[in-house]
*Asks:* 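Dumping the structure here so I can ask a few things about it.
Just so we're clear, the structure is a prediction, and the values are computed from it rather than from any experiment.
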Amino acid sequence: MKKKFLKLLVLSLMSALLVSLTGCGEEEALYYEFDKDAMQLYTMELINEYGFTNDIEQNYYLNDGSDLQKSAVSGFLALQTTDHVGEFEGFGSGEGSVEFKNGVDGKVVCSQICNYENRDVKVSISFKENKAFELDKERAYNTLVNQAAQYGLDVTSYVTQMYGSYEELDMTSMDKFLDSYLAKAYNERPFEAMDCEVSAVYSKKELVAMAGKNTAIGMGVVFAVLIFISFIISLLKYLPLLFDAEIRKKRAEKKAAEAAAKKAAEDMIIGAAADDKGDQAQAAPAKADENLINDSELVAVITAAIYAASGSGVRGPAYTASNDKLVVRSIRRVR
C-alpha cells in the first residue's frame, strides 16, 4: 500500500512539472496579428528619427509634438544628461535584441535593444492596431487594377514595370508590395505608434546599489526634517514671552510678591520666637489657665510658617487650602 502511494505521488509530481514546462514554453498570444519584421523595421526608423535631433527639432517636438514625439525625444535626451550612455553604436542583434509583448489598452509593445558607448539602451514603442488599413489597402489595389487596365496590362505586370526599380518596396508578393507601398507613399501601416519609453539597461548589482543609495538619502532627509521640526516645537514655549509683554510683567510681579511674602513670614517667625524667649525669662510661672499669647497672633504666625515652608506666596485668607491640600481650620492651645 505504501509503495503504491509513493508511485502515485511521483506520477503526480511529474505531471505537474510537465504542465508547468509546457506553459513556460508557450508564447504570449498578442492582441492582433501583424508582421513582426515590419514592426521592428518601423521601430528602428522611429529611433533614427527621434534619437538624433537638433535643437530646433527638439524644441518643436517637446512643445508642439504628439505624445509619441514628446516621450521619444525627452527619453533620448535623458540618456545623455542622466544616464550618460555615450555615443550610439548600432542596433542590437541576436537573441533577446527584440521583444514583442502585450501592453495596455490593446496595444502591442515592440522593444528594441540599442548599443551605446557606455551601456545598452532599451527602446519600447507601443503600437495600436490600425483598423482602417485593410480598407485603404483594398482601395489602393483597386486603383492599381484600374491603372493597369488603361495600359492593357494585368496588375502584377503593371506593378513590376512601374515600381520594380524602387528598392524600398517589397516585390515578393502583391500583399507585401501594398504594405510597403502604403507605408512609403502615405506613411500608413497596419499599426500606429502611440508612445515611446527609453531606458538605460542596468545590471541587477547596479540596480540594488542605486536602490540602497536612494533609500539612504530618503531616510536621511526624513530624519533631518523630523529633528528640525522637533527643535521648532521646543521653541514654541518661548513665543508668549517674546510677543506678550504683559505676561512677562505679571510673572515678574508674581516672583517679587512671592519673595516679599516669604521674607515677611520669616521675619515674623523670628520676631515671635525672640519675644517668646524674653517673656519666659522675665515672667513668673503662669497659671494653668492663663493665655500666654493672643490667639489671633498665634494663628497668623503658624499660618505664615506653613506658607513659608510650602514655598508658596500669599494667596488670600489665612484659612484657605494650600497646594498640598493642608487646611487650617482652627488652632487651640493644649492645656
Side-chain angles (χ1 to χ4, degrees), residues 24-53 57 61 65-79 85 88-116 119-141 144 159 163-164 166-201:
C24 294
E26 292 180 355
E27 292 186 0
E28 182 183 16
L30 301 177
Y31 287 136
Y32 54 88
E33 295 182 359
F34 58 91
D35 187 343
K36 292 185 177 180
D37 293 335
M39 181 175 285
Q40 182 184 9
L41 182 61
Y42 186 40
T43 300
M44 293 179 178
E45 292 178 3
L46 294 174
I47 293 173
N48 286 327
E49 181 177 356
Y50 301 119
F52 310 96
T53 55
E57 292 173 334
Y61 290 142
S66 62
D67 292 340
L68 171 66
Q69 294 169 339
K70 290 179 180 178
S71 59
V73 173
S74 60
F76 283 111
L77 289 176
L79 291 179
V85 298
F88 177 78
E89 294 182 347
F91 294 103
S93 59
E95 185 177 359
S97 61
V98 63
E99 179 186 11
F100 300 92
K101 64 180 182 180
N102 289 327
V104 297
D105 300 329
K107 300 174 186 175
V108 173
V109 180
C110 176
S111 301
Q112 174 67 48
I113 297 296
C114 302
N115 303 129
Y116 280 76
R119 66 175 65 253
D120 291 343
V121 173
K122 183 178 182 180
V123 181
S124 301
I125 299 180
S126 300
F127 293 93
K128 182 181 71 174
E129 183 181 12
N130 182 10
K131 297 182 179 180
F133 180 77
E134 292 299 327
L135 179 60
D136 294 336
K137 187 175 179 179
E138 183 179 358
R139 290 175 178 174
Y141 178 76
L144 292 174
V159 168
Y163 302 101
Y166 294 93
E167 296 180 358
E168 61 270 19
L169 298 178
D170 190 346
M171 306 298 295
T172 56
S173 66
M174 180 60 66
D175 189 63
K176 291 186 175 181
F177 165 76
L178 291 172
D179 290 345
S180 59
Y181 173 75
L182 290 175
K184 296 300 178 182
Y186 303 101
N187 195 28
E188 185 178 7
R189 295 173 177 81
F191 36 77
E192 297 178 75
M194 302 304 297
D195 51 67
C196 178
E197 181 181 352
V198 183
S199 58
V201 179

*Asks:* So which heavy atom on S124 is nearest to which on V109, and how close?
*Replies:* CB-CG1, 3.8 Å
*Asks:* Can you tell me how the ring of F127 sits relative to the ring of Y42, calling it parallel under 30°, perpendicular over 60° and tilted otherwise?
*Replies:* tilted
*Asks:* Report yes or no: do D170 and T172 form a side-chain donor-acceptor pair below 3.5 Å?
*Replies:* yes
*Asks:* Closest approach of S71 and C196, non-hydrogen atoms and distance?
*Replies:* OG-N, 3.0 Å
*Asks:* Test side-chain contact (heavy atoms from CB on, under 4.5 Å) on E138 and L178; report intermediate values, then the result.
*Replies:* CA-CA 9 Å; E138 183 179 358; L178 291 172; over 6 Å; no
*Asks:* Does the pair Y61 and E49 meet the rule for a side-chain contact (heavy atoms from CB on, under 4.5 Å), with working shown?
*Replies:* CA-CA 11 Å; Y61 290 142; E49 181 177 356; 4.2 Å; yes
*Asks:* Could you grab the distance from atom CD of E197 to atom OG of S111, nearest 0.5 Å is fine?
*Replies:* 8.0 Å
*Asks:* Which heavy-atom pair separates Q112 from T43 by the least distance, and what is that distance?
*Replies:* CB-CG2, 4.1 Å
*Asks:* Taking all non-hydrogen atoms of both residues, which atom of R119 and which atom of A200 are closest, and how far apart?
*Replies:* CD-CB, 3.7 Å
*Asks:* Minimum heavy-atom separation for L68 and A193, please, with both atom names.
*Replies:* CD2-CB, 3.6 Å
*Asks:* Under 6.0 Å from the CG atom of D67, do we count more than 12 heavy atoms belonging to anything else shown?
*Replies:* no
*Asks:* Any side-chain heavy-atom pair from V123 and F76 closer than 4.5 angstrom?
*Replies:* yes
*Asks:* Could you tell me whether the side chain of C110 reaches within less than 4.5 Å of the side chain of I125, counting heavy atoms only?
*Replies:* no
*Asks:* Which atoms form the tightest heavy-atom contact between V201 and K122, and what is the distance?
*Replies:* CG2-N, 3.9 Å
*Asks:* Taking atom CZ of R189 and atom CG of L41, what is their separation to the nearest 0.5 Å?
*Replies:* 8.0 Å
*Asks:* Tell me if the CD atom of E99 is crowded by more than 12 foreign heavy atoms within 6.0 Å.
*Replies:* yes
*Asks:* Measure up the F88 and F91 rings against each other and bin them: parallel (under 30°), tilted (30 to 60°), perpendicular (over 60°).
*Replies:* perpendicular
*Asks:* Give, for atom CD of E134 and atom CG of D136, the distance between the pair rounded to the nearest 0.5 Å.
*Replies:* 9.5 Å
*Asks:* Quick one: does N102's side chain have a donor or acceptor within less than 3.5 Å of a partner on Y31's backbone?
*Replies:* yes
*Asks:* Could you tell me the separation between the CG atom of N115 and the OG atom of S93, rounded to the nearest 0.5 Å?
*Replies:* 7.5 Å
*Asks:* To the nearest 0.5 angstrom, please state how far the CE atom of M194 sits from the CG atom of D105.
*Replies:* 9.5 Å
*Asks:* Taking the side chain as every heavy atom from C-beta outward, state whether F34 and E129 have any atom pair closer than 4.5 Å.
*Replies:* no
*Asks:* Take atom NZ in K128; do more than 12 heavy atoms of anything else shown fall under 6.0 Å from it?
*Replies:* no
*Asks:* Distance from F191 atom CZ to M39 atom CE, nearest 0.5 Å?
*Replies:* 4.5 Å
*Asks:* Can you spot which of Y166, Y163, Y141 makes a ring-ring contact (aromatic ring centres under 6.0 Å, His included) with F177?
*Replies:* Y163
*Asks:* Just wondering, are more than 12 heavy atoms of other shown residues or ligands nearer than 6.0 Å to CD in E168?
*Replies:* yes
*Asks:* OH of Y186: more than 12 outside heavy atoms within 6.0 angstrom?
*Replies:* no
*Asks:* Start with the C-alpha distance between Y116 and L79, add both sets of side-chain angles, then the distance that settles side-chain contact (heavy atoms from CB on, under 4.5 Å), and finish with yes or no.
*Replies:* CA-CA 10 Å; Y116 280 76; L79 291 179; 4.2 Å; yes
*Asks:* Between D195 and K107 (salt bridge meaning N to carboxylate O under 4.0 Å), is one present in this structure?
*Replies:* yes
*Asks:* Salt bridge (Lys or Arg N to Asp or Glu O under 4.0 Å) for E188 and R139? Distances and angles first, verdict last.
*Replies:* CA-CA 13 Å; E188 185 178 7; R139 290 175 178 174; over 6 Å; no
*Asks:* Side chains of D35 and D179, heavy atoms from C-beta outward: is any pair under 4.5 Å?
*Replies:* no
